[in-house]
Amino acid sequence: ETVEIGQGLVEVMTADGNTSEIKAKIAGIVVARQPLLYDTKINKVMDDTNLVVVGLTLRSLKVGHKDNASSCGEGRVFKEWFKRKGDKVEAGDVIAKVARRGRKLTPVPTDPPPVNDTDANTTVVTEAEEVEEVEEVEDVKAQRAGIIVEYQEVLKD
């Protein structure tokens, strides 16, 4: 979840029954949140009073020594999840879709035409006729059979 400076994050009740809203000190992404239930006495269940952590980037997922991570290349854009925490997967199952965005240049061959037969298969590019924004969607696949134990939640605008 993304938040703005001053956006309300959580409402707490003091010992005397007054409520207070805790607001984001920075704009960013909610990267951690205590799993508290309504009416939980914070000082009884926590060593500190950090209820929510707002960061500028998502935190890395922890991968145990017997676990196996499925990842994608840098610069990819997330599209959608096909599997969730607790789902069983087989090796090669698609667990998510990501996309690589880029530009495609359409070349224009030079004038005049080739002088002899050996030049007939040669195209010399002098300029791009058209620049087209392209998006190639890729599958992120399970590396082995198992159960999804953790994944990054989708951020909401």
Side-chain angles (χ1 to χ4, degrees), residues 1-107 123 125 127-157:
E1 164 185 12
T2 57
V3 295
E4 299 299 323
I5 293 175
Q7 181 176 337
L9 299 172
V10 67
E11 188 175 86
V12 295
M13 185 179 297
T14 61
D16 60 4
N18 293 323
T19 59
S20 175
E21 185 177 45
I22 297 174
K23 297 182 179 186
K25 294 178 184 173
I26 64 169
I29 302 165
V30 174
V31 294
R33 182 187 315 253
Q34 289 290 3
L36 298 172
L37 300 175
Y38 183 79
D39 271 347
T40 300
K41 292 186 175 55
I42 294 169
N43 63 341
K44 300 272 186 203
V45 296
M46 294 174 54
D47 292 331
D48 60 28
T49 57
N50 297 325
L51 301 179
V52 178
V53 177
V54 176
L56 299 178
T57 60
L58 293 172
R59 297 205 171 148
S60 297
L61 296 174
K62 293 181 179 135
V63 181
H65 75 282
K66 290 186 177 181
D67 296 337
N68 194 299
S70 295
S71 58
C72 64
E74 287 190 35
R76 301 308 192 264
V77 177
F78 178 79
K79 289 300 184 181
E80 74 179 297
W81 285 114
F82 286 86
K83 302 290 183 184
R84 301 270 186 224
K85 186 174 181 175
D87 287 352
K88 291 182 180 181
V89 294
E90 297 297 325
D93 283 359
V94 176
I95 56 176
K97 295 270 186 185
V98 295
R100 180 176 47 192
R101 291 183 178 159
R103 295 169 147 196
K104 180 180 176 184
L105 304 178
T106 304
T123 301
V125 177
E127 62 182 90
E129 178 181 287
E130 183 179 303
V131 176
E132 177 185 0
E133 295 293 325
V134 294
E135 181 175 274
E136 294 178 20
V137 177
E138 303 170 353
D139 293 336
V140 178
K141 297 181 179 182
Q143 299 299 305
R144 66 176 192 193
I147 297 173
I148 305 289
V149 294
E150 193 170 4
Y151 72 106
Q152 285 289 14
E153 296 284 343
V154 177
L155 296 177
K156 297 175 182 88
D157 291 330

For the pair Thr19 (side chain) and Met13 (backbone), establish whether a donor and an acceptor sit closer than 3.5 Å, ignoring hydrogens and angles. no
In this structure, CD1 of Ile148 is separated from CZ of Phe82 (nearest 0.5 Å) by 13.0 Å
Side-chain heavy-atom pair Glu1, Arg33 within 4.5 angstrom cut-off
yes
In terms of side-chain geometry, is the basic nitrogen of Arg100 or Glu135 positioned less than 4.0 Å from the acidic oxygen of its partner? no
From the list Val137, Val77, Val140, Asp139, side chain to side chain contact (heavy atoms under 4.5 Å, CB included) partner of Val98 resolves to Val140
To the nearest 0.5 Å, atom CD of Gln143 lies from atom CG of Asp67 at 13.0 Å
Open item on the list: In the structure I gave you, are the side-chain heavy atoms of Leu9 and Val3 within less than 4.5 Å of one another anywhere?
Closed with: yes
- Kindly indicate whether the side chain of Asp87, heavy atoms from C-beta on, has any atom under 4.5 Å from the side chain of Ile147. no
Validation row: Ile42, Val12 side chains within 4.5 angstrom (heavy atoms): yes
Does Asp93 come within less than 4.0 Å of Lys141, counting only side-chain N to carboxylate O?
no
- Before accepting this row, confirm whether a basic side-chain N of the pair Arg144/Glu90 lies closer than 4.0 Å to the acidic partner's carboxylate O. no
Sorted by chain and residue number, the side-chain hydrogen bond (donor to acceptor under 3.5 Å, both in side chains) partners of Asn68 (sequence neighbours excluded) come out as none
